[in-house]
Amino acid sequence: MESQRASALQQRLQARREMFFNKESTPSSSAATTATPSYSTARLNSVNTPTTAPPQPPPTTPRNVKDALNVLSNRENPYGATNGISSVTKKPDVAPKPRDVSPKPEYPQKSPPRQLDGYVGFANLPNQVYRKSVKKGFEFTLMVVGETGLGKSTLINSMFLTDIYSTAYPGPSQRLKKTVQVETNQVLMKEGGVNLTLTIVDTPGFGDAVDNTNCWDSVLNYVESQYEAFLEAETKVARNPTMADSRVNACLYFIAPSGHGLKPLDIEFMKQLHDKINIIPVVAKADTMTPEECAHFKSQIMNQIQAAKIKIYEFPDVSDGEESEKKDNKKMKDRVPFAVVGSNMVIEIDGKKCRGRKYPWGMVDIENMEHCDFVPLRNMLIRTHLQDLRDVTNYIHYENFRCRKLAGVTGTDKVPNKNPLFMMEEEQKEHVAKLNKMEREMEEVFERKVREKKQKLSDNEKDLERRQNESTSRLEQLKQELDEKKAAFDQERIGWETMNNITIDELKRLSMESLDGKKKKGGLSGVSFRMGK
């Protein structure tokens, strides 16, 4: 029995060894053979083999390792387990290792700033804005106000290097009006591929009348009409994206070089318009004054402007610019009001052609900062602060007008762009505050009247006491006088009775008897009276 079992085991092992050795030479079964355990010849020889030859393997040879294992597992083993080893090896059932399920604290991790790996392109946005602005062009409205003959037309022509006022369209001095009228002149200028639509607003006849009362009304109405037209165009349902902006961005107010400060007309005009437009005071024809007179005149004008609380255009502080820009900005601030000289004539000074004026005593170069402030005014108005003038007009003066206009429409003093419920709560609070104020005022009035009434009663009481005291003292005085008169009368009566030897009572009795007729006529004839002393 033991020999049969050993023979069967040897046959199975031999068949498996031959199958594995045959498949090792093929590349397809290389991976599988590496995973299969190998059996050495020493282990096979350790088994007691019988003397008889081993049986041949079955005729149907499996094609691969998987088929061989399936065959071996499906074959019935009549002897059960061989040498106590099961044909199918099973892994022992081992309990899984417990894992830690306790929550771990999460620490926030700061993500590092993202770095761009290449060029994205949003740095090109300023170029896009520049191209769009250049294509659209710019608009600027400049108002010139001043008396006739101060050089307004000449200064404008000198500033923009073109004949805005010419023989075809003369300046305001050549178009004198009986009343102050506002007229506009629009010019399209090109410089370096940039288009500028310049609108000049002049006021012929300003300050030339004998009675200049309310001569600024036409200017004020024009400024507010432009604001109102822009507001109306802006609040339409279908707005025009290319609507023209005719709002006045700056006002050059020309001051006569009198040397005695501002006139009452100048102060009143600037008071009426200082909160609606950017006023830039300009001293015209500065070549008629010496440098000392010009400096004194400027300081006098600025003192009068500050005393009258007039708000002129203020230069913005350049905080992020270069040092040269800050210095230039400070120099412009120090030169306000600008003392300017205008000229349309080109003269030659030291071999250099420039715009200036020629006099018998010398020549004036308008672009020389030692002669006048023409260059700082032009740089401020066109080169450095043109956009700031537009922004101040749009974000300050126009917004103030818009708020006043919309508040006037709603009938309140506040801006109506609020939540209606919030406005109702505010109105209720205002109504309660108004009632409380009225109550306090009524209480104050009542208390004041009560105090006045008490004071009046107290005064009357004092007056009555005074009058009573006076009456009492007078009565006592009269009583004393009466007593004195009575004593004098008694003394006089006693003296009379003594002198006449008759008393008053007896005299009274005799008179009664005479009236009754009991005695005869002349009953008193025997009695002589002595009256007096």
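The heavy-atom pair separating L381 from L142 by the smallest distance is CD2-CD2, 4.0 Å. Considering every non-hydrogen atom in both F297 and A256, the closest pair reads CZ-O, 3.6 Å. Residues P126 and A123 come closest through the heavy atom pair CD-O, 3.4 Å. Between Y398 and L231, the shortest heavy-atom contact is OH-CA, 3.3 Å.
No more than 12 heavy atoms of other residues, nucleotides or ligands shown are found within 6.0 angstrom of NZ on K311. Counting heavy atoms of neighbouring residues, nucleotides and ligands inside a 6.0 Å radius, atom CE of M243 exceeds 12 of them. By the neighbour-count criterion of 12 heavy atoms within 6.0 Å, atom CD of E441 is densely surrounded, having more than that number from other residues, nucleotides or ligands. Counting non-hydrogen atoms of other residues, nucleotides and ligands closer than 6.0 Å to OH of Y395 gives a total of 12 or fewer. The environment of CD in Q272 is crowded: more than 12 heavy-atom neighbours from other residues, nucleotides or ligands sit within 6.0 Å.
Remark: of the listed residues R474, R467, R466, R466 is the sole one forming a side-chain hydrogen bond (donor to acceptor under 3.5 Å, both in side chains) with E470. Test N394, T393, T199 against R247 for side-chain hydrogen bond (donor to acceptor under 3.5 Å, both in side chains) and you get one pass: N394.
The main-chain N or O of Q455 is never found under 3.5 Å from a side-chain atom of S458 such that the two would form a donor-acceptor pair. In this structure, S133 contributes its side chain and Y130 its backbone to no donor-acceptor pair below 3.5 Å. Side-chain atoms of R390 come within 3.5 Å of backbone atoms of E139 as a donor-acceptor pair (strictly under, hydrogens ignored). Formation of a donor-acceptor pair under 3.5 Å by the S473 side chain with backbone atoms of N469 is found in this model. Under the 3.5 Å distance criterion, the side-chain polar atoms of K152 are matched with a main-chain donor or acceptor of E147. In terms of modelled atom types and a separation under 3.5 Å, the side chain of N460 and the main chain of K456 share a donor-acceptor contact. Side-chain atoms of R357 come within 3.5 Å of backbone atoms of G342 as a donor-acceptor pair (strictly under, hydrogens ignored).
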Listed pairs under 3.5 Å, donor-acceptor, residues 363-370 side chains, sequence neighbours left out:
unit_1	atom_1	unit_2	atom_2	d
D365	OD1	E367	N	3.2
N368	OD1	E370	N	3.1

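Side chains of Q387 and D391: a donor on one and an acceptor on the other come within 3.5 Å. When only modelled atom types and interatomic distance are considered, Y313 and D388 share a side-chain donor-acceptor pair under 3.5 Å.
Within the 4.5 Å cutoff, side-chain heavy atoms of T184 are placed close to those of Y222.
Applying the side chain to side chain contact (heavy atoms under 4.5 Å, CB included) criterion to A229, with sequence neighbours excluded, gives no partner residue. Every residue two or more places apart in sequence or in another chain that forms a side chain to side chain contact (heavy atoms under 4.5 Å, CB included) with L377 is listed here: L155, M159, L252, I280, V282, F338, V340, M380.
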Go through T154 and K285 one step at a time and tell me if the side chain to side chain contact (heavy atoms under 4.5 Å, CB included) criterion holds.
CA-CA 11 Å; T154 306; K285 294 186 177 182; over 6 Å; no
Applying side chain to side chain contact (heavy atoms under 4.5 Å, CB included) to F206 and F254, what does each step give before you reach the verdict?
CA-CA 11 Å; F206 178 82; F254 287 76; over 6 Å; no
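In this pair, Y227 and F401 present their aromatic rings tilted. The plane angle is within the 30 to 60° band.
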